[in-house]
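Structure, as structure tokens:
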Amino acid sequence: MKIISPRNHGYLDFLTVVIFLLAPTLLGLSKIPAMLAYGLAAVHLAVTLISGFPFGVFKIIPFTLQGWIERIVGPVLVAIPFILGFADEFIARNFYIAMGLIIIVVGLLTDYRGENRSIFVTIKD
């Protein structure tokens, strides 16, 4: 059941950017988890701004492609503490696992076909 509209997904995207930006300070993340959080905030903001949905400014990629990106990012975030070697840092590990699980759940509940505009979509007569 797709209960999250593209517009509501946009709000969640911007909230995700803010969470990634604030996490290093609020949670006291060490160097690698902190740098990763700042990088993820920037990438998430960029993808949001170029997506073809209500909050996309440039509408370069279809919103469905954003959905596929998030389908990859969610599981990677769950695994990243183990891959990058900070699984022994309780707060950092749990933050990334939680963010990954949230992105997975939001992805499962989002209607990515509800608003599918980009510069690559052809205009029909």
Side-chain angles (χ1 to χ4, degrees):
M1 182 162 71
K2 307 294 184 180
I3 61 173
I4 300 175
S5 70
R7 177 165 297 282
N8 287 333
H9 188 99
Y11 293 123
L12 295 173
D13 277 347
F14 287 114
L15 177 61
T16 300
V17 170
V18 170
I19 290 170
F20 277 123
L21 284 175
L22 294 177
T25 302
L26 295 179
L27 300 176
L29 299 180
S30 66
K31 189 173 183 175
I32 291 175
M35 290 184 337
L36 181 61
Y38 293 132
L40 286 167
V43 170
H44 203 90
L45 179 61
V47 170
T48 299
L49 294 176
I50 66 169
S51 290
F53 75 126
F55 287 100
V57 175
F58 302 105
K59 300 188 187 314
I60 295 171
I61 65 170
F63 187 42
T64 53
L65 179 56
Q66 180 182 344
W68 282 105
I69 292 168
E70 291 173 353
R71 286 180 182 100
I72 294 167
V73 169
V76 169
L77 287 178
V78 172
I80 208 76
F82 306 97
I83 295 168
L84 295 182
F86 60 87
D88 58 332
E89 297 179 38
F90 179 80
I91 292 173
R93 179 192 66 226
N94 290 345
F95 170 71
Y96 281 98
I97 290 173
M99 290 302 291
L101 292 174
I102 289 167
I103 288 172
I104 290 168
V105 170
V106 168
L108 291 171
L109 297 176
T110 295
D111 179 11
Y112 287 102
R113 297 192 187 278
E115 188 79 26
N116 192 14
R117 287 184 262 146
S118 77
I119 64 172
F120 299 113
V121 176
T122 58
I123 299 172
K124 296 181 182 181
D125 296 346

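With rounding to the nearest 0.5 Å, the separation of NZ in Lys2 from CG in Leu108 is 6.0 Å. Taking CG of Leu77 as the reference point, atom CD1 of Ile103 lies at 5.0 Å (rounded to 0.5 Å). Rounded to the nearest 0.5 angstrom, Asp111 CG and Thr64 OG1 are separated by 11.0 Å.
Here the closest heavy-atom approach between residue Gly67 and residue Tyr112 is recorded as CA-CE2, 3.2 Å.
Residues passing the side chain to side chain contact (heavy atoms under 4.5 Å, CB included) test with Arg7, sequence neighbours excluded: Ser5, Tyr11, Pro54, Phe55. Partners of Phe82 by ring-ring contact (aromatic ring centres under 6.0 Å, His included), not counting sequence neighbours: none found. With sequence neighbours left out, Val76 forms a side chain to side chain contact (heavy atoms under 4.5 Å, CB included) with Ile72, Ile80.
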Check: residues 12-30 side-chain donor-acceptor pairs under 3.5 Å, at least two apart:
unit_1: Asp13; atom_1: OD1; unit_2: His9; atom_2: NE2; d: 3.3
unit_1: Asp13; atom_1: OD1; unit_2: His44; atom_2: NE2; d: 3.1
unit_1: Asp13; atom_1: OD2; unit_2: Thr48; atom_2: OG1; d: 3.4
unit_1: Asp13; atom_1: OD2; unit_2: Gln66; atom_2: NE2; d: 2.6
unit_1: Thr16; atom_1: OG1; unit_2: Leu12; atom_2: O; d: 2.8
unit_1: Ser30; atom_1: OG; unit_2: Glu89; atom_2: OE1; d: 2.7
unit_1: Ser30; atom_1: OG; unit_2: Glu89; atom_2: OE2; d: 3.1

Please tabulate, one pair per line, all N/O donor-acceptor pairs under 3.5 Å involving side-chain atoms of residues 93-101, not counting sequence neighbours.
unit_1: Arg93; atom_1: NH1; unit_2: Ala87; atom_2: O; d: 2.8
unit_1: Asn94; atom_1: ND2; unit_2: Phe90; atom_2: O; d: 3.4
unit_1: Tyr96; atom_1: OH; unit_2: Pro33; atom_2: O; d: 2.5
unit_1: Tyr96; atom_1: OH; unit_2: Ala37; atom_2: N; d: 3.0

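Within the 3.5 Å criterion, the main-chain N or O of Ile50 finds no donor-acceptor partner in the side chain of Lys59.
The hydrophobic clustering, which links ILVMFWY residues whose side-chain heavy atoms are closer than 4.5 Å, places Leu40 and Ile104 apart. No continuous path of hydrophobic side-chain contacts links Val78 to Val106 [ILVMFWY only; heavy atoms under 4.5 Å]. Under a hydrophobic clustering in which Ile, Leu, Val, Met, Phe, Trp and Tyr are joined whenever their side-chain heavy atoms come within less than 4.5 Å, directly or via other members, Val47 and Leu45 fall into the same cluster. Cluster annotation: Met35 is not connected to Tyr38 through the hydrophobic network of ILVMFWY side chains, with a link wherever side-chain heavy atoms come within less than 4.5 Å.
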